[in-house]
Each structure stands twice: as C-alpha cells, then as structure tokens.
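Working notes for the structure below.
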Amino acid sequence: MLFQMSEKIIRVLKGVKEPRRAVNDFVTESAHKSAIFRGRHEVRYDICTGCDACNKICPVDAIKMKPLPIKRPNKVPEVSLSICIFCGLCEDVCPTKPEKAIKLSGGDINMITEGTEDALDNFWVRVDVPEEWIEEKKREEEEKARKKAEMMAKKKAEAEAKKKAEAEKGEEK
Ligand code: SF4
Ligand code: SF4
C-alpha cells in the first residue's frame, strides 16, 4: 500500500516536472501512426465491375456510386471519409481478383479538414475517370456488340441452312 502510494506520488511529481504536450500539431505531425492504421481508400476504376457490393455492405452508408456512361463498370464507388468508420467491409466484399478494386491504402494518414461543414462535405475519396479511358471502353463495347451480332447472324444462317438441307433430304425420300 505504502509502496503503491509512493509510486503514484513519484509519477505525479515526474508529470509536474516534465509536462508532456497534450496536443499534437496535427498539420506537421499526424495523429495516427499505428502500423495497422487502414488509411483512406484507393479505388481502381479500371478493374471495378460496378457490382455495387461495397455500397450495399457499408454499415454507415459512406459510399455513393458515381455513374459512368459505359456498361461495365456503369458506376464506381466514392467514399465519404467523414462518415466512414474504416471497418474494411467494402474491401473484404469486393470480388475482383487478384487485386481489389477498392481497398484501404494503409499508408495515407493525413486526413485533415478545416472542420467546417463545407470542408466535411468535400471530404471524399473521389474517383476521376479520364475521358479518354471512357471513350476507349465505349469503342471496346461497340466492337464487342458488333462481333456478337455477327456471330448470332452466322449461327442463325447456319441453322436455317441445316433446316433447309434436312427438308430437301426428306422430300427426296
Ligand atoms: S471501410 Fe467500412 S465504413 Fe468505410 S466505406 Fe468501407 S464499408 Fe463503409
Ligand atoms: S469496388 Fe469492388 S465491390 Fe465496389 S462496385 Fe467495384 S467491383 Fe464491386
């Protein structure tokens, strides 16, 4: 008992003698430096399928899907960091392999806003999809659709020719 009390007194005296800073300079020193800190999200629009699974599983509705004018992906996720609780479920559920189209980067620890309502509204992981990439995807999709239509037409013609040949064979008998 006496030992514990003297230990506390020593601790208090030490604290008074060598006060520690209670507040970090958050601009120059990041508050979180844990090795397991998950960091803000990275979104790979080029491998995302637009499946919406990350959005559906998010427990706090921090994800909004940004629409794109192509078929796949027809939307990509954007994350509000002022709502996100960094649970990582969006990354876990993302089906793309071998890389996840959405993942917590682990490294980015500087997530500072001015704290105003406007700043919080803009505190998002935005996905900028280049116009050239969208145009290229559109061309690929058109080419794919054209090839599919050609193949269908060919199959249909072959089936009709086969049917005709069988009918002619039947008439000969
Ligand atoms: S980490 Fe969790 S809370 Fe944040 S966006 Fe992903 S699912 Fe939602
Ligand atoms: S990031 Fe992953 S889970 Fe989310 S829409 Fe894209 S593919 Fe689906």
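Order of appearance sets the numbers: ligands from 1, and atoms from 1 within every ligand. Residue numbers run from 1 in the order of the sequence given. Computed from a predicted structure; not experimentally measured.
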Taking it one step at a time, do Trp124 and Lys64 satisfy side-chain contact (heavy atoms from CB on, under 4.5 Å)? CA-CA 10 Å; Trp124 283 78; Lys64 294 271 173 292; 3.4 Å; yes
Determine, stepwise, if the pair Asn74 / Leu68 fulfils side-chain contact (heavy atoms from CB on, under 4.5 Å). CA-CA 5 Å; Asn74 60 358; Leu68 295 181; 5.7 Å; no
Verdict with supporting geometry, Lys137 and Glu140, side-chain contact (heavy atoms from CB on, under 4.5 Å): CA-CA 5 Å; Lys137 285 297 259 186; Glu140 276 174 24; 3.9 Å; yes
Does the pair Asp92 and Ile57 meet the rule for a side-chain contact (heavy atoms from CB on, under 4.5 Å), with working shown? CA-CA 10 Å; Asp92 291 345; Ile57 204 160; over 6 Å; no
Which is it for Glu142 and Arg139 under the salt bridge (Lys or Arg N to Asp or Glu O under 4.0 Å) test, yes or no, and what are the steps along the way? CA-CA 5 Å; Glu142 278 165 17; Arg139 277 194 292 275; over 6 Å; no
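With ligand atoms numbered from 1 in the order given, ligand 2 contributes 1 (S), 2 (Fe) to contacts under 4.0 Å with heavy atoms of Ala101. If you number the atoms of ligand 2 from 1 as listed, the ones under 4.0 Å from a heavy atom of Cys51 come out as 3 (S), 5 (S), 7 (S), 8 (Fe). If you number the atoms of ligand 1 from 1 as listed, the ones under 4.0 Å from a heavy atom of Val79 come out as 5 (S). For ligand 1, the atoms sitting less than 4.0 Å from at least one non-hydrogen atom of Ile85 are 3 (S), 4 (Fe), numbered in the order shown with element in parentheses. Residue Cys87 has at least one heavy-atom neighbour below 4.0 Å for each of these atoms of ligand 1: 1 (S), 2 (Fe), 3 (S), 7 (S). Of all atoms in ligand 2, numbered sequentially from 1 with element shown, those under 4.0 Å from a heavy atom of Thr49 are 6 (Fe), 7 (S). With ligand atoms numbered from 1 in the order given, ligand 2 contributes 5 (S), 6 (Fe) to contacts under 4.0 Å with heavy atoms of Gly50. Of all the atoms in ligand 1, the ones that sit under 4.0 Å from a non-hydrogen atom of Cys58 are 3 (S), 5 (S), 7 (S), 8 (Fe).
A salt bridge links Arg146 to Glu150: at least one charged side-chain nitrogen sits closer than 4.0 Å to a carboxylate oxygen. A salt bridge links Glu135 to Lys138: one of the charged nitrogens lies within less than 4.0 Å of a carboxylate oxygen.
Heavy-atom distances between Ile57 and ligand 1 stay at or above 4.0 Å for every pair. Using a non-hydrogen distance threshold of 4.0 Å, Arg38 does not register as a contact of ligand 1. Heavy atoms of Pro95 come nearer than 4.0 angstrom to ligand 2 in at least one pair.
At a cut-off of 2.8 Å, Cys84 is not counted among the residues with an N, O or S atom near atom 8 (Fe) of ligand 1. Distances from atom 2 (Fe) of ligand 1 show that Cys90 has no N/O/S atom below 2.8 Å.
Dense packing is recorded around CD of Glu143, with more than 12 heavy atoms of other residues, nucleotides or ligands lying under 6.0 Å away. No more than 12 heavy atoms of other residues, nucleotides or ligands sit less than 6.0 Å from atom NZ of Lys71. Within 6.0 Å of the NZ atom in Lys103, the count of heavy atoms belonging to other residues, nucleotides or ligands does not exceed 12.
In this structure, Thr96 contributes its side chain and Ile47 its backbone to no donor-acceptor pair below 3.5 Å.
At a heavy-atom cutoff of 4.0 Å, ligand 2 is contacted by the side chain of Pro77 but not by its backbone. Residue contacts with ligand 1 for His41 involve side-chain atoms from C-beta outward but no N, CA, C or O (heavy atoms, distance under 4.0 Å). Counting heavy atoms under 4.0 Å from ligand 1, residue Val60 touches it through the side chain alone. By the criterion of a heavy-atom distance under 4.0 Å, the side chain of Met65, and not its backbone, is placed next to ligand 2. Only backbone heavy atoms of Asp52 (N, CA, C or O) come within less than 4.0 Å of ligand 2; its side chain stays farther off. When non-hydrogen atoms are compared, ligand 1 lies under 4.0 Å from the side chain of Ile63 (C-beta onward) but not from its backbone.
Regarding atom 4 (Fe) of ligand 2, its nearest protein heavy-atom neighbour is Cys54 SG, 2.4 Å. The protein non-hydrogen atom at the shortest distance from atom 1 (S) of ligand 1 is Gly88 N, 3.2 Å. The protein non-hydrogen atom at the shortest distance from atom 2 (Fe) of ligand 2 is Cys94 SG, 2.4 Å. Cys48 SG, 2.3 Å is the protein heavy atom nearest to atom 6 (Fe) of ligand 2.
Cluster annotation: Leu89 and Ile102 are assigned to distinct hydrophobic clusters (Ile/Leu/Val/Met/Phe/Trp/Tyr, side-chain heavy-atom contacts under 4.5 Å, transitive).
Of the inter-residue distances, the one linking Met152 atom CE with Lys155 atom NZ reads 7.0 Å to the nearest 0.5 angstrom.
Contact record, Asp46 with Trp133: CA-CZ2, 3.6 Å, taken as the closest heavy-atom pair.
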